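Notes to accompany the following structure.
Residue numbers start from 1 in every chain, and the chains themselves are labelled A, B, ... in the order their sequence lines are given, proteins ahead of strands. In this text, all values refer to a predicted model and were calculated from it rather than measured experimentally.
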Protein chains: 4
Amino acid sequence: MPTPSVLPDQVARDLREFSIEVPSWAYGNSGTRFKVFGTPGTPRDPFEKIADAAQTHRHTGLAPRVSLHYPWDRVEDVAALRSHAEDLGVSIGMINSNTFQDDEYKWGSLTAGDMTVRRRAIGHHLECLEVMRAAGSKELKIWLADGTNYAGQDSIRARQDRLAESLAEVYQGLGEDERIVLEYKFFEPAFYHTDVPDWGTSLLHCLALGEKALVVLDTGHHAPGTNIEFIVAQLLRQNRLGAFDFNSRNYADDDLIVGLADPFQLFRILFEIVQQDAHRPASGVNFMLDQCHNVESKIQGQIRSVLNVQETLAKALLVDREALADAQERNDVLEANGILMDAFWTDVRPALAAFREEQGLPADPFEAFRASGYEEKVAAERVGGNQMGWGA
Amino acid sequence: MPTPSVLPDQVARDLREFSIEVPSWAYGNSGTRFKVFGTPGTPRDPFEKIADAAQTHRHTGLAPRVSLHYPWDRVEDVAALRSHAEDLGVSIGMINSNTFQDDEYKWGSLTAGDMTVRRRAIGHHLECLEVMRAAGSKELKIWLADGTNYAGQDSIRARQDRLAESLAEVYQGLGEDERIVLEYKFFEPAFYHTDVPDWGTSLLHCLALGEKALVVLDTGHHAPGTNIEFIVAQLLRQNRLGAFDFNSRNYADDDLIVGLADPFQLFRILFEIVQQDAHRPASGVNFMLDQCHNVESKIQGQIRSVLNVQETLAKALLVDREALADAQERNDVLEANGILMDAFWTDVRPALAAFREEQGLPADPFEAFRASGYEEKVAAERVGGNQMGWGA
Amino acid sequence: MPTPSVLPDQVARDLREFSIEVPSWAYGNSGTRFKVFGTPGTPRDPFEKIADAAQTHRHTGLAPRVSLHYPWDRVEDVAALRSHAEDLGVSIGMINSNTFQDDEYKWGSLTAGDMTVRRRAIGHHLECLEVMRAAGSKELKIWLADGTNYAGQDSIRARQDRLAESLAEVYQGLGEDERIVLEYKFFEPAFYHTDVPDWGTSLLHCLALGEKALVVLDTGHHAPGTNIEFIVAQLLRQNRLGAFDFNSRNYADDDLIVGLADPFQLFRILFEIVQQDAHRPASGVNFMLDQCHNVESKIQGQIRSVLNVQETLAKALLVDREALADAQERNDVLEANGILMDAFWTDVRPALAAFREEQGLPADPFEAFRASGYEEKVAAERVGGNQMGWGA
Amino acid sequence: MPTPSVLPDQVARDLREFSIEVPSWAYGNSGTRFKVFGTPGTPRDPFEKIADAAQTHRHTGLAPRVSLHYPWDRVEDVAALRSHAEDLGVSIGMINSNTFQDDEYKWGSLTAGDMTVRRRAIGHHLECLEVMRAAGSKELKIWLADGTNYAGQDSIRARQDRLAESLAEVYQGLGEDERIVLEYKFFEPAFYHTDVPDWGTSLLHCLALGEKALVVLDTGHHAPGTNIEFIVAQLLRQNRLGAFDFNSRNYADDDLIVGLADPFQLFRILFEIVQQDAHRPASGVNFMLDQCHNVESKIQGQIRSVLNVQETLAKALLVDREALADAQERNDVLEANGILMDAFWTDVRPALAAFREEQGLPADPFEAFRASGYEEKVAAERVGGNQMGWGA
């Protein structure tokens, strides 16, 4: 199709309603086990993280919610943090529990054999529910680092049973319109077995819990070669896709900027989403980023990320689905594939620039942010204190 | 532990009851897309395949059942084939349906968009149920080659829906004590998406069908790095592990002899089995081989395979589970792991030799078969005709 | 950058000189070990294959050479085949040796322990040189299926030594301006070890042989996650990149249409090429396809493939390399990456359509071929005879 | 073969001469990006690390050398550290350079575009040579974290050129009988491209440098599925295998205890070693550990590791190589493989216990260490101070 100068009406409507949640931790320092590099201007507290996150929304109009990681983002007054966010035009999104940074969790958290540890982990999740309510949020996200490094270290089966029991207690704590989303991950930090390693395991626990438990799909948490869009389709078919953690990876859980390792994969994933109207707010799927900006500018990285998702979603929305269904029915493989590829190769950037301007946003949010002087300003202002990272 | 000269009583009891089903197709030719090598003496019909399979049982006492692949093993008189098997001391096991060798299935079978093709595929499965009954078997194994090679070629979601409908029709055809087992596979022959690519998908279809539908785990059908014993534990926990296809692999679905690529993996898998008593007949798990002897002697390959499973099962049964549980409770990682490794490194071959002799079997079945002259005899006798392979 | 309506002059010049060699075997049937599907109109002899290959060139102007596979493409009169090709506007390119389809090569060819087999394999390569000369070609491509399926089956080291000796004999047979290119492959059809599994091994053999030996990089022949553009850069740095086998893959050596599994990877590869001017004829790199059209139309698949390469090469040529170098020097990660992505997302299709029309070619070669009636014509004409595939 | 009660003479001779170098950093804390767990008794300085390392040697007789990581192991008086080691019965082995922990190396070290950074990195290596000499060592080990996270971030090619120049300067600093060994790694901490990602790249740089540059093979630094024993065979064939970093992995560079993820792989690797007598000191191959004991006891983990290597080496030495060669020549795949497996399954532990006792060592070094009270003693003594880890 020719490069469109404006978006078709329905595409524009869909994009106007579409939003992406950004993670507070992306604005702090992160790295690898070898090194965490700091940069001038990195936030020293959750308030500064939210201020930075608000920049992403301000320039893109795409990121109105900020996920918190608890206790990384612990503050004395959650209500104050919430007001701070609202003053900056954003709200607080999911609360992410964290049971991997304390020494007590060395042998597991919700799966631990030691009942005291398990109780502590359950208690942490119940506390997260309180934070969630204080923050005006409705969702608790659970990702567990639980697993083992050596065969025999613990019983795989017993840990599943203990996990089920622990999750049931957390689930009991949910209010009517609240929900938990359970993330799975192929490996890391455990190197032999992981207690929730795949979508099947996450889904089985959710099915056992009830309708307020859904699966989180993180695009970096799969074995090499896994067809992720298939999993998206399957979870949507089961009505159990709760949230999406976007990022990209070449090797393990690299947590790179979404769409920069394999942009066509992102397109295929979003096309599965679009075919079930799951990009629309009514679907209840929470689209989020979960990334680490180890070497690149963090706010720029976040802006690039949400733009990549928006741009790719626009392409997915442009697919001529009627023609596609027709080609599929005729088993015309190359025509069907060509219809997808046509949308993929269509340059939606000019039309998106126009779309943004209509909404009073900069045509090029990335350049607008770079030109805004914000990075220089915070680098100058945020002197002293401890830069936040994973672990504080 | 010191090298045991005899097996502990309970281990011996367990091993006496343990059996492995062998696939008729392992006795025919197989290969890669590049070449199928033939060897003198290869069976020319299903009767000869069963004769060869009976050799595996005769020397090992381990392989009393032979799976058939239909229509590869189509004969005019199934009852005659059954009698032939029984005369040779074996019985007919699972019937494996085959919807990948006919031109009609180019675009799928149970998932095909074309209703005529789907009906044909359903009909094939119902026909397999008839063969199953005539053969005195109770289980139908379904592995589908269905999938696509290019993004957009067909709708992933629509194919799931069609698959569910097709399976439901086949399931309706099951008698009271009959069951179907549904195999999953990561990829091949489809190279973009596969319709039943993972245990989660297979299990969801089984759950939707009912209690007579169970999952088949083929050890070669996973993404690189997948922790297979975890899946075993999970499927056992759901009471949905129906059958096991043993083989081994270094890369893709290499279909090598079980236990020769990663013997420790086989041990870990069998240890999960043993911990739930799933190696015992009462568990209902059917342990099978699914291998391709591309370059090695086929009957020797099969004998080596069942011996590898037996030997490794003996090791798994020798694990000191009480001591293990104790070390696990204390989070003594290296002691716990060491308890597993101790059993793994124990040489069970002398005790197994004694165990076999007690049962009137050769101490070394592999060498006994080699010395028996059977291979030379069939090579001399089976002259003319067409050697069987995948496809006939 | 805005969607260009015409290509910049230098890009157009480069594209006019750029060509891709197509493989004769892509026009015959191919498949997996499970099934080879035939289609009406498939060539029954090498002459018909070349006629089909000429269609690819006719509509795209991109594919003036056809690689032969020997003995698959054995004809009585090579000169006649050559004339036939020239009459159709194409020439014969590389000769591909084949030492994997004969029973004698079960245990290896150039690496075989049996000297008779090794001599036969060397002789086959010398015969290929004769065919090469008769066909007017200068290059012999060697890909070996040699390897083993089980640890201990043969000596890895001894096979390397035998390979080196065999290759030296073949190399001795080369004329002044002739060369061999040695392909590597991660695995398949061997499933334990492969004798030339990686670029390092191929390069070491080439270095030992001399300057007329170069490496072939097949994009599907690597371990999961391998950074292929790094290998391209490394081989160019060593002046030893002889040829390129384009295709794409999601899992193993899937041999799918180039650019359809991961179009961004193709772009990154071509950008490494372009940075060293290796896309220009003077570089001596032979760009080829090596694909299997298992389910899609073969000629259409070939046309789509060469167009994908051309389109992606145009994008790679559009990268603003000066700006890129500048951003790299400043370690401005996201700006540098953004410069690449800008070219990647630019829609070059309108400008390429104009470029083609200038050369008297159809603006849309894919649709032009589909509309030409050629497929219907050969389907009607090519009745009887045996369709060609791998192995004949 | 029957369980041997004593080792054959030649095996015992070989084992007496065989030694393994242990890494100082294995005795400090390590972990993942998520968490580094500390344990009571962890060394607070390099002297304590060496004291712990000496325990490994004391109980096993296998680990007479300790590698240092510089500047992690920087001390004011290297001679004092050397004396301390010698007093404890060990010596200082390789010096490992470290150019990944300083902020200056964010964009690379020996490959950095910024000449100041490159000079600093070169200077660091020259300083390491000084430390090496003061420590009485002859080898400098170079592993680089250099690479990029995003396509376009830097020029892959230019970085190779800069790396070559930097290495040449370091190489110039080598004395007559000194050498450098260059390690490669598939990925991490860089997630898009790594500057020395594979054995081919490492070897090319070594070949360009000269005979005093050799390759280090770390068993955890390969793509999934890579046949590591092939690389061992290839590097030995080129006389360029300088050192071995033992560890094991299931996923990425997990740095688990050698032999615990895939013991058969370790056996196959050591069998390639043994076939070229490369386990003997005259070969010049330095066998080392490179592991992280994230959750298990560190000293116990090291003891288990060297025992695993010793035990597996004993098995590899027991292979009946004459019979193997004979079976290989006859292409008797299963007999040949069976000869390997026979040695693998032979329980060498009783004979090794006797072998150790002959040398005045504990029959079971692992249990002897656990019973020694050393861990309890250092836990009580080492109070206060900062536990050492990666980064200090």
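Only the side chain of B:Phe366 comes within less than 4.5 Å of a heavy atom in chain D; its backbone stays farther off. The contact between B:Pro224 and chain D is made entirely by side chain atoms (from C-beta outward), counting heavy-atom distances below 4.5 Å.
Side-chain atoms of D:Phe264 and B:Leu260, non-hydrogen and from C-beta on, never get closer than 4.5 Å to each other.
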What would the table of donor-acceptor pairs between chain D and chain B look like if you include every N and O pair under 3.5 Å, whether backbone or side chain?
| unit_1 | atom_1 | unit_2 | atom_2 | d |
| --- | --- | --- | --- | --- |
| D:Thr3 | OG1 | B:Thr3 | OG1 | 3.0 |
| D:Asp332 | OD1 | B:Arg370 | NH1 | 3.3 |
| D:Asp332 | OD2 | B:Arg370 | NH1 | 3.4 |
| D:Asp332 | OD2 | B:Arg370 | NH2 | 2.6 |
| D:Glu335 | OE1 | B:Arg370 | NH2 | 2.6 |
| D:Asp342 | OD1 | B:Arg349 | NH1 | 2.9 |
| D:Asp342 | OD1 | B:Arg349 | NH2 | 3.4 |
| D:Arg349 | NH1 | B:Asp342 | OD1 | 2.9 |
| D:Arg349 | NH2 | B:Asp342 | OD1 | 3.4 |
| D:Arg370 | NH1 | B:Asp332 | OD1 | 3.2 |
| D:Arg370 | NH1 | B:Asp332 | OD2 | 3.4 |
| D:Arg370 | NH2 | B:Asp332 | OD2 | 2.6 |
| D:Arg370 | NH2 | B:Glu335 | OE1 | 2.6 |

